[in-house]
Number of protein chains: 2
Amino acid sequence: MAALTIKDIAKICNVSISTVSRAMNNDPGINAQTKERVLRVVKEFNYIPNNSARNLKMQESNTIALLLKGVSNPFFYEMLPDFQKRLEKEGYEYMLLVVDEDGDEVKIAEGLAKEKRLKGMILLGGRFDYPGAELQNIRIPFVLVSVASSTTEISKHKRFNSVSIDDRKESYKVIDYLAKKGHRHIAIISGRETDDTVGSLRLDGYKAALADNGLPFEQRLVGYMRKDIPEYTEANGYAVAKALLQENKDITAIFAISDRLAIGVYKAIADAGLRIPDDISVVGFDGIEMTRYTIPSMTTVKQPKDAMVNSSVDLLMSSIHGDETKQKLIYDAELHERDSVKALTIE
Amino acid sequence: MAALTIKDIAKICNVSISTVSRAMNNDPGINAQTKERVLRVVKEFNYIPNNSARNLKMQESNTIALLLKGVSNPFFYEMLPDFQKRLEKEGYEYMLLVVDEDGDEVKIAEGLAKEKRLKGMILLGGRFDYPGAELQNIRIPFVLVSVASSTTEISKHKRFNSVSIDDRKESYKVIDYLAKKGHRHIAIISGRETDDTVGSLRLDGYKAALADNGLPFEQRLVGYMRKDIPEYTEANGYAVAKALLQENKDITAIFAISDRLAIGVYKAIADAGLRIPDDISVVGFDGIEMTRYTIPSMTTVKQPKDAMVNSSVDLLMSSIHGDETKQKLIYDAELHERDSVKALTIE
DNA sequence: CTGAAAGCGCTTACAG
DNA sequence: CTGAAAGCGCTTACAG
């Protein structure tokens, strides 16, 4: 049971542990035959060096970690392969860690940075500014990607590298688009009532666009995600849309603040015996793959995934190479017009 | 930049490093006031102990790791929260590691076990029997969950704890069901042509059920997943179904060996101007959440997720507690009849 | 209750 | 090219 150590291998090979270490680490100053002999034994006994010891000893690794919060969001995991490819192309080891919904991502990030002697870190998703989250304690280069900010603390992120979109503005674009298409009773499926991050920002955009188009804001058309159902899921979108449709017969369009919610909305509409887009128009948010395969294909706000991935790695690279300036990059998302919206007026 | 160590804290507090260590690890033999004083400094300076050193020193951790291969499969990540809850209820620390598609899960598992002094491991997804994958090198208790086996090596798994379904049998059930409903030209969207694991097993079940129902096996009705498109995705299902429908006007039912593929099939059918289930019946596989929200809701083979999670943890627990017997649990999946299949005959 | 010391398994100057 | 030795940052018997 006791695992093999470098000592055991050294003994078996009749060399010192230094030699074993050199053989394993491709040290140039070692006799080719010795090396081969050691490596053969290593292979035969399936020796795997203890990483803790190695990490403890080594001053630094060549690893960049990606810390993901929120496995349930397809938008995030669609980014994963791209991050990996890009990071490996840059010559770094890549390591993915998934933090569960209620894990403390900042503490985990700190610990990880120390334990692994990381070169840098990418913090994807999650919310990095709740009380006590001391990002400044992370002493290695990092970049925040698609990290939610509470509406009151957004400016703080100026002190960090970050890559995101403007939630308020993108939401505004959607509602403005629907209003220009002649929709007068536009419902929104927003965050939970207590949400003060993404949901709240997108609701702001909704209100602003309504006002600019001369439409009244009506509380009855706001569907807050339910607390008793997992957030941002089809099930939540379905439940909220169902209630919305039952109580408001005049709705002609529904904007859901995520694609998964919107897929639930599709179902609620079908169950009500209505059709998309003939009776009700639907717009989603994120632009996940699946939206191309809904029937009808979904009009949605597509976040510039590729650009976001690339520029976050760019930021991280320059930070690793000593650049002290911090950038807050905000990307434009794109409203992908597909088949789930009907124009009510002839333009 | 240099991170704080236990020495620094000891110096600041005017105590020995032993005392700092005791304060941090809730050692009973320490003066309450000393402890408080140390902890305050720890907090103030935001000292985080070096985990590598700790792991190196500690003989064992209390951690169980979940190694997931294949982030892109919703079926797997729907299991994640359940695993976590159950493991934490058992009193273990939980750690999730995602191995990318072409990572060597066995090597990673071995290294991880050593580095973290893990109590046990759950290997979810992936394929653990390709040449050179020496599972027996993993010296800590582990259990394989939903791990694909090549058709020739399945018996080997008898030496390990494993939890899975019988792919051949479940596939058989689907085709038998469709045949009994009067379908005579049933297409399948199977694995890649070279697949010798899940895809191949499900294709076997398809053939057997056809034979038992007096239906001929026709190569033209077999759609192999395309190599130029990511496996098991909507895009792949869409492309393959589209070709299938174009070349075979007599198809009345399509069985896709994963739900995501089936969602692509839905789209291909809609694009062809056909309707589900009136013109074409569709059956998926896995039973992911989303299948309740497709329109029409999808008939699919639902894997018993909860039971699989619980019994894998059970197996792991008894293995950790010294039980040397290995079990190979095979669960029955359930064909969820929903609205995507039409009976062609009156039963 | 506290401290000095040994040691976990590695890597890497430093001698030879 | 190889080995003896120091040291990475911790934990934990062992004395006191």
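The structure displayed is predicted, hence computed values, not measured ones.
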Q) Just how far, in rounded Å, is C1' of D:dG7 from CG of B:Leu56? A) 12 Å

Q.
Using a distance-only criterion (donor-acceptor N/O pair, under 3.5 Å, no hydrogens), is the base of D:dG7 paired with the side chain of A:Lys57?
A. yes

Q: Taking B:Asp195 for its side chain and B:Thr197 for its backbone only, find out whether a donor-acceptor pair lies under 3.5 Å.
A: yes

Q. Which listed nucleotide (D:dG9, C:dC10, D:dG3) is nearest to the side chain of A:Ser18?
A. D:dG3

Q) Which heavy atom in B:Lys119 sits nearest to a heavy atom in B:Pro141, and how many Å separate them? A) O-CD, 3.5 Å

(Q) So, using ring-ring contact (aromatic ring centres under 6.0 Å, His included) as the criterion, who are the partners of A:Phe142 when residues are at least two apart? (A) A:Phe160

Q: Please lay out, stage by stage, how B:Val20 and B:Val41 fare under the test side-chain contact (heavy atoms from CB on, under 4.5 Å).
A: CA-CA 10 Å; B:Val20 175; B:Val41 172; over 6 Å; no

(Q) If you only use heavy atoms from C-beta on, which nucleotide in C:dG9, C:dT12, D:dG9 is closest to the side chain of A:Ser21? (A) C:dT12

(Q) Identify the stems formed by DNA chain C, where each pair is Watson-Crick or G-U wobble with both distances under 3.5 angstrom and a stem is at least 3 consecutive pairs. (A) C:1-3 with D:14-16, C:5-12 with D:5-12, C:14-16 with D:1-3

Q. Could you give the distance from CG (A:Asn55) to CG (A:Leu118), rounded to the nearest 0.5 Å?
A. 9.0 Å

**Q.** Whole angstrom value for the distance that separates P of D:dC10 from CG of B:Asn55
**A.** 12 Å

Q. Taking atom C1' of D:dG9 as reference, at what distance in whole Å does atom CD1 of B:Ile6 sit?
A. 8 Å

Q: Would you jot down, in residue-number order, the residues of residues 25-43 of chain A having a non-hydrogen atom under 4.0 Å from DNA chain D?
A: A:Gly29, A:Ile30, A:Asn31, A:Thr34

Q: Verify the distance criterion only: is there a donor paired with an acceptor across the side chains of B:Arg37 and B:Asn31 at less than 3.5 Å?
A: no

Q: Could you state the atom-to-atom distance from CE of B:Met24 to C1' of D:dT11 in whole Å?
A: 13 Å

Q. Between B:Ile9 (CD1) and D:dT11 (C1'), how many Å, whole number?
A. 17 Å

Q) Hey, are B:Arg40 and B:Glu36 close enough for a salt bridge, meaning a charged N less than 4.0 Å from a carboxylate O? A) yes

Q. Within this structure, what is the NZ-to-P distance between A:Lys7 and D:dG3, rounded to whole angstrom?
A. 16 Å

Q. Could you give the CG-to-C1' distance, from A:Asn50 to C:dC8, as a whole number of Å?
A. 8 Å

Q) Among D:dC10, C:dG9, C:dG3, which nucleotide sits nearest the side chain of B:Arg54? A) D:dC10

Q: Could you check how far CZ of B:Arg22 sits from P of C:dC1, rounded to whole Å?
A: 11 Å

(Q) Quick check on D:dG3: is either OP1 or OP2 less than 4.0 Å from any side-chain nitrogen or oxygen of A:Ser16? (A) yes

Q | Polar side chain donor-acceptor pair, A:Tyr331 to A:Ser311, under 3.5 angstrom | A | yes

Q: For the residue pair A:Lys328 and A:Asn161, confirm or rule out a side-chain donor-acceptor distance under 3.5 Å.
A: no

Q. Would B:Arg86 and B:Asp314 pass as an ion pair if we require N to O under 4.0 Å?
A. yes

Q.
Please confirm whether the shortest side-chain N or O distance from A:Thr19 to OP1 or OP2 of D:dG3 is below 4.0 Å.
A. yes

Q.
Using the side-chain heavy atoms of A:Ala53, tell me which of these nucleotides is nearest: D:dA4, D:dC10, C:dC10.
A. C:dC10

Q.
Counting only side-chain nitrogens and oxygens, does B:Tyr47 get under 4.0 Å of the OP1 or OP2 atom of D:dG9?
A. no

